[in-house]
Amino acid sequence: MKYIFITLLGLGLMLGSCEKFLEETPTGSLTDESQITSTAGGEALATGAYRALPDWTSGAVWWGGNRANALEYATGKAYSQYQGAELWKFEQNSESGDSEYFTHPWSMWYTGVRDCNLALKMLPGVTELSKDQMSKLIGEVRTLRAFYYFSLVRHYGDVVYNTEVVTDLADAPRERSSLVKIYDEIIVPDLEFAVNESALIDEQSSDGRITKHSARAILADVYLTMAGYPYQEAVTDTTKAWCEQGLWTMTGYPVKSASATELLQKSKAQLDYFYGKYELGSFADIRNPAMGNKGEAIFQIQYVAGLRNNGIIATTLPLASQISMFGDENGTGIPSVAYYNSYNPADIRIKDRVYFFEDDTKSLKYDPNESPAAKFAVKFLYKYYDTEAIKVTGQSGLNFNIYRYSDILLMHSEVNWALGIKSEDEVKGINQIRTRAGLPTFQPGELSLKDILSERAYELVWENKMLFDMRRTRTALIDGAGEFAGIENFVGHKPTSFNYEFSAKHLLAPVSSIEIDNNRLCSQNYGWLPQQVGQ
């Protein structure tokens with residue numbers, strides 16, 4: 001069976017801010033047996049590896065559902081005005097692998113893996129590419145494959161291992177491989193190649209394509225995640241069915257093992273490289289499409305207004321509030337009131353029109369005088385308030401941050417704290433974040449895990465970081481007044497709006513029911529439905 005795909009020259013349309021390389025027209029179809037020899041063809045192959053990324057903010061389930069928002073629903077710190085988005089299923093522990101919140105990400109990330117594998121198979125045959133051009137493109141594609149697999153293992157644990165183009169349907173059904181194997185044999189080697197061996201430029205990306213800075217940021221996060229859970233438990237015995245049987249029992253962070261220490265040191269090396277190479281800009285930069293791939297942006301998902309729009313914008317607007325030019329205003333992407341109340345009242349980030357807002361004017365679409373709209377019932381996210389899109393066009397090209405310098409600074413402080421470094425290195429990253437937010441700074445030796453995770457929650461609100469922070473540290477922040485009231489083990493934590501406590505089941509997401517149905521060798525994670533036949 002030939003592997004058939006749409007001409008990759010057309011797939012650049014998905015990428016975003018560098019419009020010249022986006023404006024291509026599909027001219028037909030190719031198979032993996034086609035001969036591509038031109039430089040343009042090689043670049044198109046690599047470009048195709050990006051096409052799954054913009055689906056990160058695509059819709060799911062009913063009206064108002066969004067894949068990015070679902071990663072926040074699972075933390076227990078989200079609110080939705082419209083129940084069709086199915087936050088209630090997370091609150092009542094009735095989600096399953098049938099939900100598009102789990103089938104779509106699985107398919108999205110494996111689409112990315114497939115595109116990367118195809119590009120890696122075909123790029124060596126592109127004879128017009130110079131050695132450095134070839135190395136650069138392979139560095140891009142391997143970084144993306146690593147990122148797709150990193151997303152898969154953080155969400156689902158053990159996943160199907162595949163680094164080749166599947167040409168025979170008989171080879172498609174495969175068992176899930178240990179997450180340790182995925183990290184050790186795919187994710188880390190791909191990223192280490194990109195950072196240490198490839199001809200990628202070692203600077204900030206100017207057009208959304210992968211550079212060594214993008215690869216370094218992912219690699220730093222990978223090392224930090226591997227120094228925590230579930231890697232540090234699964235690596236103790238890779239023969240155990242950790243994911244299927246829910247055998248997870250380890251607690252305590254940072255993990256006290258030689259492996260964890262070595263990984264933290266590797267993460268520190270990447271984070272030290274970044275320190276001082278970027279500057280924190282204004283909070284307004286985050287919601288300004290003109291700042292795409294600029295300022296503190298390190299790795300962003302690219303969008304172009306009217307061509308491929310950022311799907312999260314409308315979900316963060318009050319339900320049917322008539323404040324925007326969007327056809328929909330969903331009210332489904334809202335940090336919970338308890339989350340908002342856990343900010344320090346002095347924090348600049350919760351001042352009106354910084355990270356949150358509480359009122360607005362009617363859109364010209366509904367009111368030519370733009371009179372004030374009704375005051376909102378709760379605080380809504382202003383972090384993604386793309387003014388041009390909301391008030392003028394109804395289409396947003398705002399990029400979505402995967403890594404920005406703020407995240408790097410917070411990881412820097414966490415790694416130094418975890419290594420027991422009681423010097424300025426421990427606090428300088430987090431202190432830059434707090435200074436911009438107008439908050440007191442820390443002295444070396446004062447930091448706690450609660451301080452670190454709280455600051456990540458405040459700064460990186462609704463950037464899809466918290467769920468993975470909870471899983472890798474196996475801890476959860478307790479909502480409070482003016483600060484988080486405390487931190488406790490993930491298993492046994494009861495989010496404010498949930499009617500149950502987290503168990504070992506919730507350390508992973510359910511495997512996609514589509515994969516369960518189509519791959520007879522793929523088993524389901526512990527506690528989740530649907531189960532594989534005979535499991």
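What you are looking at is a predicted structure, and each value in this text was computed from that prediction instead of being measured.
- Checked by atom type and distance alone, the side chain of Q81 never pairs as donor or acceptor with a backbone atom of N330 at under 3.5 Å.
- Of the possible polar contacts, one joining the N525 side chain to the Y156 backbone as a donor-acceptor pair under 3.5 Å is found.
- At least one side-chain heavy atom of L467 sits under 4.5 Å from a side-chain heavy atom of H155.
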Practice prompt. Dump the intermediate steps for side chain to side chain contact (heavy atoms under 4.5 Å, CB included) on F356 and L381, then the final yes or no.
Written response: CA-CA 4 Å; F356 299 87; L381 267 180; 4.3 Å; yes
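- The side-chain heavy atoms of S406 and L280, taken from C-beta on, include a pair separated by under 4.5 Å.
- Evaluation of the salt bridge (charged side-chain N to carboxylate O under 4.0 Å, His left out) rule for E296 yields R404, R436 as partners, not counting sequence neighbours.
- Interatomic distance, OG of S324 versus CG of L317, reported as 5.0 Å (0.5 Å rounding).
- A 4.5 Å side-chain heavy-atom check between L191 and T143 finds at least one atom pair inside the cut-off.
- Annotation for W62: atom CH2 does not count as buried by contact number, only 12 or fewer foreign heavy atoms lying within 6.0 Å.
- Residues D115 and Y148 bring no donor and acceptor atom of their side chains to less than 3.5 Å of each other.
- Side-chain N or O atoms of T75 include one that pairs as donor or acceptor with a backbone N or O of E72 at under 3.5 Å.
- A donor-acceptor distance shorter than 3.5 angstrom exists from the side chain of K77 to the backbone of L477, with no hydrogens or angles considered.
- Side chain to side chain, Y403 and D221 meet the donor-acceptor criterion of an N or O pair below 3.5 Å.
- Nearest heavy-atom pair, P105 versus E100, reported as atom, atom and distance to 0.1 Å: CD-O, 3.5 Å.
- Taking the six-membered ring where the residue is Trp, the centroids of F498 and H506 are separated by 6.0 Å or more.
- Taking both residues in full, the closest heavy atoms of G306 and Q395 are given as CA-OE1, 3.4 Å, listed atom of the first, atom of the second, then distance.
- A distance below 6.0 Å separates the ring centres of H213 and Y278.
- When the options E488, E455, E483 are evaluated for a salt bridge (charged side-chain N to carboxylate O under 4.0 Å, His left out) with K450, the one that passes is E483.
- Looking at D55 and R308, their side chains come closer than 4.5 Å, going by heavy atoms from C-beta outward.
- The structure places OH of Y82 at 14.0 Å from OG1 of T315, a figure rounded to the nearest 0.5 Å.
- Under the 3.5 Å distance criterion, the side-chain polar atoms of K277 are left unmatched by any main-chain donor or acceptor of Q204.
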Item to complete: Tell me, with the steps shown, if S206 and N293 meet side chain to side chain contact (heavy atoms under 4.5 Å, CB included).
Response: CA-CA 5 Å; S206 62; N293 308 308; 5.7 Å; no
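- Checking side-chain atoms of K391 against main-chain N and O of I323 turns up a donor-acceptor pair under 3.5 Å.
- A donor-acceptor contact shorter than 3.5 Å links the side chain of S205 to the backbone of G208.
- Taking the ring pair (Phe, Tyr, Trp, His ring centres under 6.0 Å) definition, one finds that W417 meets it with nothing, sequence neighbours left out.
- Within the 3.5 Å criterion, the main-chain N or O of A481 finds no donor-acceptor partner in the side chain of N341.
- Checking R471 against T225 by side-chain atom types alone, no donor-acceptor pair falls below 3.5 Å.
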Taking only distance into account, with no hydrogens and no angle test, what donor-acceptor pairs under 3.5 Å do side-chain atoms of residues 284-292 form with protein atoms, sequence neighbours excluded?
residue	atom	partner	partner atom	Å
D285	OD1	S282	OG	3.1
D285	OD2	S282	N	3.2
R287	NH1	V354	O	3.4
N288	OD1	A290	N	3.0

Worksheet item: Can T47 and R209 be said to form a side chain to side chain contact (heavy atoms under 4.5 Å, CB included), step by step?
Response: CA-CA 8 Å; T47 298; R209 298 192 80 107; 3.0 Å; yes
Practice prompt. Test side chain to side chain contact (heavy atoms under 4.5 Å, CB included) on K365 and Q322 and set out the steps.
Written response: CA-CA 8 Å; K365 180 178 178 180; Q322 299 187 350; over 6 Å; no
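- Cation-pi check for R145 over Y149 is not met; the charged atom does not lie both under 6.0 angstrom from the ring centroid and within 45 degrees of its normal.
- Note: W528 and F102 have tilted aromatic rings, judged against thresholds of 30 and 60 degrees for the angle between ring planes.
- Between I210 and L144, some side-chain heavy-atom pair lies under the 4.5 Å cut-off.
- Panel note: side chain S413, backbone L410; no donor-acceptor pair is recorded below 3.5 Å.
- Note on D347 versus R349: salt bridge recorded, some NZ/NE/NH1/NH2 to OD/OE distance being below 4.0 Å.
- Below 30°, between 30° and 60°, or above 60°: for Y382 and F357 the angle between ring planes is between 30° and 60°, a tilted geometry.
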Discussion item. Quick one, D451 with S454, criterion side-chain hydrogen bond (donor to acceptor under 3.5 Å, both in side chains). Give me CA distance, side-chain angles, the key distance, then yes/no.
Written reply: CA-CA 5 Å; D451 296 325; S454 294; 5.9 Å; no
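- Ring-plane geometry between Y343 and Y339 is classed as parallel, the angle between the planes falling under 30 degrees on a 0 to 90 degree scale with a further cut at 60.
- Side-chain contact between V141 and C116 is present, with heavy atoms from C-beta onward closer than 4.5 Å.
- How far CD1 of I298 is from CD1 of I402: 12.0 Å, rounded to the nearest 0.5 Å.
- For the pair L507/P230, no side-chain contact is recorded, criterion being any heavy-atom separation below 4.5 Å from C-beta on.
- The side-chain contact (heavy atoms from CB on, under 4.5 Å) search around T57 returns N66, A68, Y303, N310, I312, F400, not counting sequence neighbours.
- At a cut-off of 3.5 Å, with distance as the only test, no side-chain donor of Y73 or E86 sits close to an acceptor on the other residue.
- A side-chain donor-acceptor contact under 3.5 Å links Y110 to the backbone of V160.
- If you look at F380 and Y79, their ring centroids are not closer than 6.0 Å.
- Among residue pairs with one or both ends in residues 312-334, none qualify as salt bridge (charged side-chain N to carboxylate O under 4.0 Å, His left out); sequence neighbours excluded.
- Cation-pi contact between K383 and Y355: present, with separation from the ring centre below 6.0 Å and deviation from the ring axis of at most 45°.
- Here the rule is side-chain hydrogen bond (donor to acceptor under 3.5 Å, both in side chains) with S513, and of N518, D98, T103 only D98 fits it.
- Between F484 and Y458, some side-chain heavy-atom pair lies under the 4.5 Å cut-off.
- Separation of atoms CD (Q83) and OG1 (T332) is listed at 10.5 Å; rounding is to 0.5 Å.
- Between Y405 and Y275, the angle of the ring planes lies from 30° to 60°, which puts this pair in the tilted group.
- In this structure, E358 CD and R353 CZ are separated by 8.5 Å, a value rounded to the nearest 0.5 Å.
- Among residues two or more places apart in sequence or in another chain, the side-chain hydrogen bond (donor to acceptor under 3.5 Å, both in side chains) test is passed with D469 by R456, R472.
- Between F502 and Y500, the ring planes lie perpendicular to each other; the angle is over 60°, past the 30° to 60° tilted range.
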